[in-house]
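One structure is given here, and the rest of the page talks about it.
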Protein chains: 2
Amino acid sequence: MGPRKEDRNKETCTASLNAVKDALYVLNGKWKLPLILSLQEGPQRFNEIQKSLGEITPKILSKELKDLELNEFVVRKVFSTTPVTITYELTPYSESLERVIDELRDWGLKHRERLVKNRRTESVAAEITASL
Amino acid sequence: MGPRKEDRNKETCTASLNAVKDALYVLNGKWKLPLILSLQEGPQRFNEIQKSLGEITPKILSKELKDLELNEFVVRKVFSTTPVTITYELTPYSESLERVIDELRDWGLKHRERLVKNRRTESVAAEITASL
DNA sequence: CGGTATCCTGCGGGATACTG
DNA sequence: CAGTATCCCGCAGGATACCG
């Protein structure tokens, strides 16, 4: 015997919740997205990234890069030049993010338009006082 | 004369970045998603939501609901019963989130699978030492 | 150049108590 | 019942300095 219908639904529900949270977690924080977008221009070295992002401190950059490595969006490559050269570049797998990011971007654009429009039309009649 | 090509690209780029951030902002935080999922079961009253979410405090719940109202995902309805009854329910507009959430969920599921699989195959050979 | 090590701060979120 | 008011804490993220 399997679980009852309501239980299955509840489980399915919290399962999706966790999946969504996983996805959000990956993109979350102040620097993940700027970092990915920056690396889409091509491989870069630590200090190059730091400059292109503006005000990020090395500690944070280091941590963010490690996170992205763990999630396999980024590879750290060590070249035995003298002195040693290190680059970070996006993996092919990182391309799987594009669909998600596109979807988020499209939705984000529409949402902002919508909010701006509604500020004008003063649709704050939203608070209905439904008399019975 | 318009801006140079590189500038346009940069602007387009930061524009999408902001759009994505808008979208993420809307779903972010500990409670937004659980709250939306809970309200998908139908309209609920303040205390009902509180119970169904488990450990959320009234202050936080109040704040989250206001956020969702501002973004027009939720309507607060006041019924003039005695005593007054108040419900919160999802708006039709909140359905526009479904595509985004589905996309995030699908990606999240695959990503987790992938990570689990790769932990096993011990693919930490990812750190290449490319000699020149 | 490519990072660590320490210290510090703001703020998202919580505990608890109170109110119309 | 449907919230506000106060106080509080952990932790992401930052400033600054230092290291191989």
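First the proteins, then the strands, lettered A, B, ... as listed; each starts at 1. Just so it is clear, the structure is predicted and the values come from calculations on it, not from any experiment.
B:S62 has a side-chain polar atom (N or O) that falls below the 4.0 Å cut-off from OP1 or OP2 of D:dT4.
Salt bridge A:E89/A:R76: absent, no basic N to carboxylate O contact under 4.0 Å. Remark: A:R99 does not engage A:D102 in a salt bridge, criterion side-chain N to carboxylate O under 4.0 Å.
We find that NZ of B:K59 is positioned 9 Å from C1' of D:dT6, with the value rounded to whole Å. Taking atom NZ of A:K30 as the reference point, atom C1' of C:dG12 lies 15 Å away to the nearest angstrom. Atom P of nucleotide C:dG2 and atom NZ of A:K66 are separated by 15 Å, given to the nearest angstrom. Computed from coordinates, the A:N28 CG to C:dG13 C1' distance equals 15 Å when rounded to whole Å. Following rounding to the nearest Å, B:D67 (CG) and C:dG13 (P) show an atom-to-atom distance of 10 Å. One atom, CD of B:Q50, and another, P of C:dG13, lie 16 Å apart when rounded to the nearest Å. Rounded to whole Å, the distance from CD on A:E48 to P on C:dG2 is 8 Å. Put simply, CD on B:E55 is 8 Å from P on C:dA15, counting in whole angstrom units.
The side chain of A:F46 lies closest to C:dG3, out of C:dG3, D:dT4, C:dG13. Between C:dC1, D:dA2, C:dG3, one nucleotide has an atom nearer to the side chain of A:R45 than all others, and that is C:dC1. Of the candidates D:dG14, C:dG2, D:dG3, D:dG3 carries the atom nearest the B:Y88 side chain, counting heavy atoms from C-beta on. The B:K63 side chain lies nearest to C:dG13 when the options are D:dG3, C:dG13, C:dG2. Listed nucleotides: D:dG3, D:dG14, C:dG14. Nearest to the side chain of A:W31: D:dG14. For B:I60, the side-chain atoms get nearest to C:dG13 when compared with the rest of D:dG14, D:dA2, C:dG13.
Looking at heavy-atom distances under 4.0 Å, A:P58 makes contact with a base.
Within a 6.0 Å sphere centred on OH of B:Y93, heavy atoms belonging to other residues, nucleotides or ligands number more than 12.
By the 30° and 60° cut-offs, the orientation of the rings of B:F46 relative to B:Y88 is tilted.
Aromatic pair A:H111/B:F73: ring centres closer than 6.0 Å.
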